[in-house]
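The structure appears right after this line, and notes come after that.
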Amino acid sequence: MDPDAYVEAVLTLVEQVPPGRVTTYGTLAEAVGYGGPRRVGRVMSTHGGSVPWWRVVRADGSLPPSHDDEARAHYAEEGTPTRSPARGHGIGRIDMAAAYFGDFTPSPPRP
DNA sequence: GGGTTGACCAATG
DNA sequence: TCATTGGCCAACC
(Lines give C-alpha, C1' and ligand atoms only; values in the text may rest on other atoms or scores of the structure.)
Protein backbone atom coordinates (compact mmCIF):
# COMPACT_ATOMS: atom_id res chain seq x y z
CA MET A 1 0.00 0.00 0.00
CA ASP A 2 1.31 3.43 -0.78
CA PRO A 3 2.37 5.24 2.35
CA ASP A 4 0.46 8.28 1.19
CA ALA A 5 -2.71 6.26 0.76
CA TYR A 6 -2.35 4.91 4.29
CA VAL A 7 -1.83 8.42 5.62
CA GLU A 8 -4.92 9.68 3.84
CA ALA A 9 -6.99 6.80 5.14
CA VAL A 10 -5.94 7.57 8.71
CA LEU A 11 -6.51 11.29 8.38
CA THR A 12 -9.91 10.71 6.85
CA LEU A 13 -10.95 8.55 9.76
CA VAL A 14 -9.72 11.12 12.25
CA GLU A 15 -11.84 13.75 10.55
CA GLN A 16 -14.85 11.48 10.96
CA VAL A 17 -14.62 11.79 14.72
CA PRO A 18 -17.28 14.35 15.73
CA PRO A 19 -16.51 17.23 18.08
CA GLY A 20 -16.78 16.31 21.72
CA ARG A 21 -15.71 12.73 21.03
CA VAL A 22 -12.40 10.93 20.89
CA THR A 23 -11.01 7.68 19.55
CA THR A 24 -7.84 5.70 20.08
CA TYR A 25 -4.85 4.84 17.95
CA GLY A 26 -5.69 1.16 18.12
CA THR A 27 -9.23 1.80 16.96
CA LEU A 28 -7.97 3.78 14.00
CA ALA A 29 -5.55 1.00 13.15
CA GLU A 30 -8.42 -1.47 13.06
CA ALA A 31 -10.66 0.87 11.10
CA VAL A 32 -7.97 1.28 8.48
CA GLY A 33 -7.53 -2.47 8.53
CA TYR A 34 -3.78 -2.48 8.19
CA GLY A 35 -0.70 -2.07 10.32
CA GLY A 36 -0.70 -1.52 14.05
CA PRO A 37 -1.32 1.28 16.54
CA ARG A 38 2.26 2.42 16.35
CA ARG A 39 1.93 2.88 12.64
CA VAL A 40 -0.99 5.23 13.23
CA GLY A 41 0.97 7.10 15.87
CA ARG A 42 3.77 7.71 13.46
CA VAL A 43 1.41 8.96 10.80
CA MET A 44 -0.03 11.42 13.30
CA SER A 45 3.38 12.69 14.31
CA THR A 46 4.12 13.35 10.67
CA HIS A 47 0.83 14.61 9.28
CA GLY A 48 -1.18 15.22 12.43
CA GLY A 49 -0.94 18.95 11.91
CA SER A 50 -3.61 18.75 9.22
CA VAL A 51 -6.29 17.10 11.34
CA PRO A 52 -7.91 17.43 14.80
CA TRP A 53 -5.23 15.31 16.40
CA TRP A 54 -6.52 16.07 19.90
CA ARG A 55 -9.46 13.75 19.18
CA VAL A 56 -7.02 10.86 19.05
CA VAL A 57 -5.90 9.62 22.45
CA ARG A 58 -4.28 6.61 24.02
CA ALA A 59 -6.31 3.59 25.09
CA ASP A 60 -6.44 4.69 28.72
CA GLY A 61 -7.75 8.12 27.80
CA SER A 62 -4.55 10.05 28.39
CA LEU A 63 -3.12 12.35 25.79
CA PRO A 64 0.03 11.98 23.78
CA PRO A 65 3.15 13.04 25.72
CA SER A 66 3.08 16.17 23.64
CA HIS A 67 0.70 19.09 23.47
CA ASP A 68 -1.45 18.12 26.42
CA ASP A 69 -2.13 21.76 27.29
CA GLU A 70 -3.28 22.61 23.83
CA ALA A 71 -5.49 19.57 23.64
CA ARG A 72 -7.10 20.47 26.94
CA ALA A 73 -8.13 23.83 25.48
CA HIS A 74 -9.80 22.10 22.55
CA TYR A 75 -11.64 19.71 24.86
CA ALA A 76 -12.97 22.62 26.91
CA GLU A 77 -14.13 24.27 23.73
CA GLU A 78 -15.79 21.21 22.22
CA GLY A 79 -17.28 20.06 25.48
CA THR A 80 -15.43 16.78 25.48
CA PRO A 81 -16.11 14.94 28.75
CA THR A 82 -12.98 14.80 30.82
CA ARG A 83 -12.27 13.52 34.30
CA SER A 84 -10.89 15.68 37.06
CA PRO A 85 -8.62 18.47 35.91
CA ALA A 86 -6.16 16.63 38.03
CA ARG A 87 -3.92 18.15 40.58
CA GLY A 88 -1.62 20.31 38.55
CA HIS A 89 0.08 17.31 37.19
CA GLY A 90 -0.88 18.33 33.70
CA ILE A 91 -4.18 17.39 32.20
CA GLY A 92 -6.72 14.97 33.53
CA ARG A 93 -7.76 12.14 31.33
CA ILE A 94 -10.66 11.76 28.95
CA ASP A 95 -13.85 10.16 30.20
CA MET A 96 -13.62 7.28 27.76
CA ALA A 97 -16.95 5.80 28.81
CA ALA A 98 -18.70 8.93 27.55
CA ALA A 99 -16.41 10.27 24.85
CA TYR A 100 -15.20 7.16 23.07
CA PHE A 101 -16.15 7.00 19.41
CA GLY A 102 -15.54 3.99 17.19
CA ASP A 103 -18.38 4.00 14.68
CA PHE A 104 -16.27 4.59 11.61
CA THR A 105 -17.29 4.01 8.05
CA PRO A 106 -14.74 1.55 6.66
CA SER A 107 -14.27 3.30 3.34
CA PRO A 108 -12.51 6.59 3.13
CA PRO A 109 -14.19 9.51 1.57
CA ARG A 110 -16.74 9.73 -0.85
CA PRO A 111 -19.80 11.26 -2.17
C1' DG B 1 20.83 -5.97 6.53
C1' DG B 2 20.37 -5.33 11.50
C1' DG B 3 19.62 -2.73 15.82
C1' DT B 4 17.11 1.19 17.84
C1' DT B 5 13.12 4.06 18.42
C1' DG B 6 8.35 5.58 18.75
C1' DA B 7 1.98 10.78 19.46
C1' DC B 8 0.86 2.16 21.07
C1' DC B 9 -1.84 -1.86 23.65
C1' DA B 10 -3.07 -5.19 27.13
C1' DA B 11 -2.03 -7.68 31.20
C1' DT B 12 0.06 -7.83 35.78
C1' DG B 13 1.72 -6.30 40.42
C1' DT C 1 -2.72 5.23 39.82
C1' DC C 2 1.79 4.20 38.32
C1' DA C 3 5.57 0.97 36.70
C1' DT C 4 6.97 -3.08 34.35
C1' DT C 5 6.80 -6.70 30.66
C1' DG C 6 6.06 -8.59 26.15
C1' DG C 7 4.35 -7.97 21.65
C1' DC C 8 3.39 -5.24 17.45
C1' DC C 9 4.79 -2.70 12.81
C1' DA C 10 7.26 0.55 10.21
C1' DA C 11 10.72 4.23 9.86
C1' DC C 12 15.33 5.62 10.75
C1' DC C 13 20.12 5.29 11.54
Side-chain angles (χ1 to χ4, degrees):
Chain A
M1 180 183 237
D2 289 334
D4 292 338
Y6 188 80
V7 171
E8 280 191 36
V10 172
L11 298 184
T12 300
L13 289 171
V14 173
E15 288 179 340
Q16 285 180 24
V17 180
R21 297 292 200 93
V22 298
T23 193
T24 71
Y25 294 92
T27 300
L28 287 175
E30 282 196 20
V32 175
Y34 182 81
R38 298 187 86 142
R39 186 87 184 303
V40 176
R42 257 191 49 74
V43 171
M44 292 302 286
S45 72
T46 305
H47 300 88
S50 306
V51 295
W53 52 264
W54 57 89
R55 290 181 197 154
V56 185
V57 300
R58 289 173 52 161
D60 63 352
S62 53
L63 292 154
S66 344
H67 307 82
D68 58 335
D69 294 307
E70 201 167 323
R72 181 176 53 181
H74 286 291
Y75 294 146
E77 197 168 340
E78 296 182 351
T80 305
T82 59
R83 284 188 77 194
S84 309
R87 30 178 197 228
H89 187 279
I91 189 186
R93 289 180 302 288
I94 305 299
D95 185 350
M96 294 302 282
Y100 179 71
F101 177 86
D103 184 18
F104 293 106
T105 56
S107 295
R110 90 349 271 54

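Convention: sequence-line order gives letters A, B, ...; per-chain numbering from 1. Keep in mind that the numbers below use all heavy atoms, side chains included, and drop hydrogens, waters and symmetry copies.
Counting only distance, with no hydrogens or angles, the side chain of T23(A) and the backbone of F101(A) share a donor-acceptor pair below 3.5 Å.
The interatomic distance linking E30(A) (CD) with dC9(C) (C1') rounds to 15 Å, in whole Å. The distance between atom OH of Y6(A) and atom P of dA11(C), rounded to the nearest whole Å, is 10 Å. The distance from atom CZ of R42(A) to atom C1' of dC8(C) is 15 Å, rounded to the nearest whole Å.
Residues passing the salt bridge (charged side-chain N to carboxylate O under 4.0 Å, His left out) test with E78(A), sequence neighbours excluded: R55(A). Taking H47(A) as the reference, nothing meets the ring-ring contact (aromatic ring centres under 6.0 Å, His included) condition, with sequence neighbours excluded.
Between Y34(A) and dA10(C), a side-chain N or O to OP1/OP2 separation shorter than 4.0 Å is present.
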Every protein N/O within reach of nucleotides 9-13 of chain B N/O, cut-off under 3.5 Å:
{"from": "dC9(B)", "atom 1": "OP1", "to": "A59(A)", "atom 2": "N", "distance (Å)": "3.4"}
{"from": "dC9(B)", "atom 1": "OP2", "to": "A59(A)", "atom 2": "N", "distance (Å)": "3.1"}

### Message
Could you go through Y34(A) and R39(A), starting from their C-alpha distance and side-chain angles, then the distance that decides it, and tell me whether this counts as side-chain contact (heavy atoms from CB on, under 4.5 Å)?
### Response
CA-CA 9 Å; Y34(A) 182 81; R39(A) 186 87 184 303; 3.5 Å; yes
### Message
Applying side-chain contact (heavy atoms from CB on, under 4.5 Å) to T82(A) and D95(A), what does each step give before you reach the verdict?
### Response
CA-CA 5 Å; T82(A) 59; D95(A) 185 350; 5.9 Å; no
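Counting non-hydrogen atoms of neighbouring residues, nucleotides and ligands closer than 6.0 angstrom, the CD atom of E77(A) reaches no more than 12 such neighbours.
Taking the C1' atom of each, dG6(B) and dG7(C) are spaced 14 Å apart, rounded to whole Å.
For R38(A), the side-chain atoms get nearest to dC9(C) when compared with the rest of dC9(C), dA11(C), dA7(B).
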